[in-house]
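One structure below.
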There are 2 protein chains.
Amino acid sequence: MLLTQAEENYLKAIFKINEKTNKPASTNAIAKHVSTSAASVTDMLQKLSGKSLIHYEKYKGASLSESGNKTATQLIRKHRLWEVFLFDKLKFPWEEVHDIAEELEHIRSDHLINRLDNFLGNPRFDPHGDPIPNAEGKFMLRNQSTLESLPIGQKCMLVGVTEHSVPFLQHLNGLKIKLGTQIKILEKQSFDRSMIVELDTKTQVTLSHSVVPNLLVKLI
Amino acid sequence: MLLTQAEENYLKAIFKINEKTNKPASTNAIAKHVSTSAASVTDMLQKLSGKSLIHYEKYKGASLSESGNKTATQLIRKHRLWEVFLFDKLKFPWEEVHDIAEELEHIRSDHLINRLDNFLGNPRFDPHGDPIPNAEGKFMLRNQSTLESLPIGQKCMLVGVTEHSVPFLQHLNGLKIKLGTQIKILEKQSFDRSMIVELDTKTQVTLSHSVVPNLLVKLI
DNA sequence: AAATAATTTTAGACTTGGCTAAAAATAACA
DNA sequence: TGTTATTTTTAGCCAAGTCTAAAATTATTT
């Protein structure tokens, strides 16, 4: 089925809300995601429901149908592959790739995306460490913890971030922290829940509680 | 100024018609280019005129203003750079790149297109041999002739095609003719204006009059 | 459990870009 | 040059996606 960009954006929003909350996505939550009014969302939910892309009951929120889920997954695949292209090949900083990929993901051509995937070497994760579904829509899973949950003395490596805002990513740039950076936990301050860590550059930095819970790491 | 895709497509159409005819583009000609009705074109011309992107007088056709010309040129730059990407990097055949580039050209990011340009090695011509304007909108010129105009015995090299249709390009594929192919003119049949040529592979082929005038060559 | 608050839906309107049919202007021809 | 043919514009309508304001439903609080 041929969808408009608006329809695609709603499906992606519902996918993300479903994923995060494990509940039907509320009208307001969707409205925030796509930056529009609740009234517009209601209109669109009725339309998407008419096309059997979502399950929707008045006042009860929306969740993706099988075909809606497939569409959303392919969009995420396209988005993340384009992010890899922008980051790996065009050398964009990681905080700039999202907005451009948001446009690129709507280009319609399976042929294109599969060739791009090959050109990029079939990457499994995007520049923020999010998994890239394969052509069949399967996500690669990975053993990962949040930095917050680890004990003093633990050594680990940054493999992902759960926050994608430009200021947050730029803050990490300033701290010389990027994917692959090795981190050793030196201290955990219970007062403000900040953490003192040593990086693989042997430098020590303090990570505040606005940073720590957003870092996904692999134990080493 | 922020333009819609529809507006951009009209500007490109007017650019191409202006370029080919050296006259204001007629409503009907534009309608054919963008596959719509004459009435819709009139509406859009009024809108574009209101934004000072074109010069338009009722019943007299449209031509690009300076700002319209700049916009159209940048679109052509984006289109042709994406074609190079698809052809050189993703290995698409030359007859498939146009349609995908038609979508990609609307992605808005100067940053993106300039990085892409560098990534591709600042190519001056696209996969059909059309010149790619630089960031300032200047087109590279080239000494080229149409194959038709050359005498028997002349040796030359294919540097461009003036016809971009899929069947035409596939026909050339079948003849093993591509950009860079060397051609020596053996015979010119005055009856049907076909031409017998020898390629750099030493094979002889007959080029009919539906082919010959669409081949742009450089003398060697 | 009733009253208030928050969320969601409906109703009606606007913009963009398209359409058809009819009117107006221009071009072509006899 | 007058008449017909073609092109272009106007007029009125439609669908998508948005909006605001008001009504309906659900949730929360006292």
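Convention: sequence-line order gives letters A, B, ...; per-chain numbering from 1.
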>> Does a side-chain N or O of S37(B) approach OP1 or OP2 of dC19(C) to a distance below 4.0 Å, or not?
In response: yes
> Taking the side chain of T4(B) as heavy atoms from C-beta outward, which of dA16(D), dT18(D), dT16(C) is closest to it?
Replying inline: dT16(C)
> Rounded to whole angstroms, how far apart are CG on D43(A) and C1' on dA15(D)?
Replying inline: 13 Å
> Within this structure, what is the CD-to-P distance between Q46(B) and dT15(C), rounded to whole angstrom?
Replying inline: 16 Å
> Where the side chain of A39(B) is concerned, which of dA11(D), dA21(D), dT8(D) is the nearest nucleotide?
Replying inline: dA11(D)
>> Mind checking if Q5(A) touches a base, just sugar-phosphate, or nothing, with heavy atoms under 4.0 Å?
In response: nothing
> What's the NZ-P distance between K60(A) and dT7(C), to the nearest Å?
Replying inline: 18 Å
> Where each residue is assigned the nucleotide of DNA chain D containing its nearest heavy atom, which of S35(A) and K58(A) is assigned the position nearer the 5′ end?
Replying inline: S35(A)
> Contact class for S40(A) vs. all strands (heavy atom < 4.0 Å): base, sugar-phosphate, or nothing?
Replying inline: base
> Can the positive tip of K89(A) be found less than 6.0 Å from the middle of the six-membered ring of F119(A), inside 45° of the ring normal?
Replying inline: yes
> Within the side chain of R80(A), is there an N or O that forms a donor-acceptor pair under 3.5 Å with the backbone of I132(A)?
Replying inline: no
> Checking R193(B) side chain against V212(B) main chain: does a donor-acceptor pair fall under 3.5 Å?
Replying inline: no
> What nucleotide, of dT20(D), dT8(C), dT7(D), holds the atom closest to the side chain of N28(A)?
Replying inline: dT8(C)
> Looking at dT8(D), dA11(D), dT8(C), which one has an atom nearest to any side-chain atom of A38(A)?
Replying inline: dT8(C)
> Are T36(A) and dC19(D) close enough that a side-chain N or O sits under 4.0 Å from OP1 or OP2?
Replying inline: yes
>> Classify the ring geometry of F85(B) against F85(A): parallel below 30°, tilted from 30° to 60°, perpendicular beyond 60°.
In response: tilted
